[in-house]
Enquirer: 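I'd like to ask some things about the structure below.
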Protein chains: 4
Amino acid sequence: MARTQALPIQITTGDPRPIGRQIIDAVRMRIATGALRPGAQLPSVRGLAQQLTINPNTVAKAYAELTAEGWLESRQGLGLYVAEPRQRLSSAERDRRMDEAIQSFVHEVIALDYPPERAMARLDKALAILDRKTA
Amino acid sequence: MARTQALPIQITTGDPRPIGRQIIDAVRMRIATGALRPGAQLPSVRGLAQQLTINPNTVAKAYAELTAEGWLESRQGLGLYVAEPRQRLSSAERDRRMDEAIQSFVHEVIALDYPPERAMARLDKALAILDRKTA
Amino acid sequence: MARTQALPIQITTGDPRPIGRQIIDAVRMRIATGALRPGAQLPSVRGLAQQLTINPNTVAKAYAELTAEGWLESRQGLGLYVAEPRQRLSSAERDRRMDEAIQSFVHEVIALDYPPERAMARLDKALAILDRKTA
Amino acid sequence: MARTQALPIQITTGDPRPIGRQIIDAVRMRIATGALRPGAQLPSVRGLAQQLTINPNTVAKAYAELTAEGWLESRQGLGLYVAEPRQRLSSAERDRRMDEAIQSFVHEVIALDYPPERAMARLDKALAILDRKTA
DNA sequence: GTGGTCTAGACCACA
DNA sequence: GTGGTCTAGACCACG
């Protein structure tokens, strides 16, 4: 019955990502950093939609993707909960997709003519939030 | 393996990027790594379109974006040439866009539950191609 | 330009599966049996929706899931194509999902009090379509 | 490991099935394997609901479906008992529903690109629990 | 109350 | 022309 304290998901109009993706990223981030632990309940589709003043279908679609990816699990009629962590993708697929992310990042560094060392330094700092999930 | 002066731009059907973006990325990459030096001439719109068997409009649009970004300059009636390097974006804008790229990368690391150190190591290796432009 | 001959996807109102799922199953079946080979183009979202007289969004969602699962890949502005086969899920995840399917089947055999040997025989026959993909 | 006469029905939150279905499946399984024999009494609606800490309505609905299917029979004021086995569905209907189950299984084998022989082997093993009801 | 599915129609990016 | 995203509102199953 008790919600998991606050889950202040925010959407930003200035953000280039579609709002569904913002929700997905935000939820994954909270799980990865330990702000949302396995078993925690998520805000209801309708509730979050109302809070963010967006369409419930957009929230439902985001939750559906997170469920398909194994981050959440639905308990019929009760709501959605954070699932136990499990390895869903094959190593090859993970490496393939990381390859794409790396290529994309490299292309952006080039496009901005950004100093590679500085890019690495900033990225290293940004990844620090994942260091310990026992936040 | 060593790429020299020619510009063997390849487009890959399996690539998730739209082909216009593939061209842009490829040209910027060649300039950034020194494979294309300032003053070098690019293949004509029609020539490249024919070579890649794609729509000339797609090539023209890619070249237009590269020109707008300051990578290329057109010499009327002669064709497109690699421009002298210059700073186009403000520092603030560059930092803002690098921020976006970093956030995007971090989100992918999270989504894949990829070991951050390994991601950094692979990225570092990928960025090595930019180390010295005097290749 | 040329479509891959006929792709007579059918939806049945009597089918208990939602129509989106019917599309997904049908496309996967055609790929698995070799009726659709890697590189083949699929009917357009709007085209298939019109042919089946259903909403284009339903088709789009089905195609999106097939793309997320790695069966299809989209080429911007050109359409959707059958992707090269690749192993996307980890072995553990595949075994876990097969476990669920087996449990579900066993429960149905029990519910119908169906002779297990006969169930196995019929299933064996149904799986025969996968024997050689070079149909 | 060996299950005897008690009826230690368990519901699992990680199970994708709704809990009402879990109850139905569990009871049918126990009857099919002989763990529950004709004439045996089932836990009361309220008792089971309390034991599983779920809504009594859910238990009542599950029992109602099992009664409708002919697995249980109610003796007014005394409770619910396992019924004598009887053929409820026509052969045609049983075959039709087995068809659906088979199709569903085949679709999952395809979706997972799971080796058919291995799927059959695992299923055969899972069905072994039904071999002799005189366990 | 919860999520899951479907329909309808709009707007955008890409080619 | 293509797919991708979002909104709006309806109906169903589950608890």
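In what follows, chains carry the letters A, B, and so on, assigned in the order in which the sequence lines appear, proteins first and then strands, with residues in each chain numbered from 1.
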Enquirer: Kindly compute the distance separating CD (C:Glu65) from CZ (C:Arg28), expressed to the nearest 0.5 Å.
Expert: 6.5 Å
Enquirer: Is the shortest heavy-atom distance from the side chain of D:Val59 to the side chain of D:Arg46 under 4.5 Å?
Expert: no
Enquirer: Test your reading of the model: is there a side-chain donor-acceptor pair from A:Gln87 to the backbone of A:Leu89, 3.5 Å cut-off?
Expert: yes
Enquirer: Write down the distance between CD (A:Gln50) and P (E:dT2), rounded to a whole number of angstrom.
Expert: 10 Å
Enquirer: Taking only Lys NZ, Arg NE, NH1 and NH2, and the carboxylate oxygens of Asp or Glu, determine whether C:Arg97 and C:Glu100 approach each other closer than 4.0 Å.
Expert: no
Enquirer: Determine yes or no for a side-chain-to-main-chain donor-acceptor pair under 3.5 angstrom, with A:Arg21 supplying the side chain and A:Arg17 the backbone.
Expert: no
Enquirer: Whole angstrom is fine here: how far is it from CD1 in D:Ile11 over to C1' in F:dC14?
Expert: 14 Å
Enquirer: Using the test side chain to side chain donor-acceptor pair (under 3.5 Å), find all partners of C:Asp99 that sit at least two apart in sequence or belong to another chain.
Expert: D:Arg122
Enquirer: Check this one for me: any side-chain N or O of C:Ser44 less than 4.0 Å away from OP1 or OP2 of F:dT2?
Expert: yes
Enquirer: Rounded off to whole Å, could you give me the CG-to-C1' distance for the C:Leu42 and F:dG1 pair?
Expert: 17 Å
Enquirer: Under 3.5 Å between N/O atoms: give me all the protein pairs with nucleotides 6-8 of chain F, atom names plus distance.
Expert:
| residue | atom | partner | partner atom | Å |
| --- | --- | --- | --- | --- |
| F:dC6 | OP1 | A:Ile19 | N | 2.5 |
| F:dT7 | OP2 | A:Thr58 | OG1 | 2.6 |
| F:dA8 | N7 | A:Asn55 | ND2 | 3.1 |
| F:dA8 | N6 | A:Asn57 | ND2 | 2.7 |

Enquirer: Over how many whole Å does the gap from D:Leu52 atom CG to F:dG15 atom C1' extend?
Expert: 14 Å
Enquirer: Tell me the interatomic distance from C:Leu48, atom CG, to F:dT2, atom C1', rounded to whole angstroms.
Expert: 14 Å
Enquirer: Is any N or O donor-acceptor pair between the side chain of C:Arg46 and the base of F:dG3 shorter than 3.5 Å?
Expert: yes
Enquirer: Could you pick out which residue, A:Gln76 or C:Ala60, lies toward the 5' side of DNA chain F when each is mapped onto its nearest nucleotide?
Expert: C:Ala60
Enquirer: Atom CG in B:Leu52, atom CD in B:Gln10: separation rounded to 0.5 Å?
Expert: 8.0 Å
Enquirer: Please name the pair of heavy atoms, one in A:Ile110 and one in B:Ala32, separated by the smallest distance, quoted to 0.1 Å.
Expert: CG2-CB, 3.5 Å
Enquirer: Starting from C1' on E:dA15, measure out to OH on C:Tyr81 and report it in whole angstrom.
Expert: 11 Å
Enquirer: If you find the nucleotide of DNA chain E closest to C:Leu78 and the one closest to A:Gly77, which residue's nucleotide is nearer the 5' end?
Expert: A:Gly77
Enquirer: E:dG4 C1' sits how many Å from C:Gln22 CD, rounded?
Expert: 16 Å
Enquirer: Using the criterion of both pairing distances under 3.5 Å for Watson-Crick and G-U wobble pairs, give all stems of 3 or more consecutive pairs involving DNA chain E.
Expert: E:1-14 with F:1-14
Enquirer: Applying salt bridge (charged side-chain N to carboxylate O under 4.0 Å, His left out), run through C:Arg86 and C:Glu84 and close with a yes or a no.
Expert: CA-CA 6 Å; C:Arg86 54 190 162 104; C:Glu84 291 296 326; over 6 Å; no
Enquirer: From CD of D:Glu65 over to P of F:dG15, roughly how many Å is that when rounded to an integer?
Expert: 11 Å
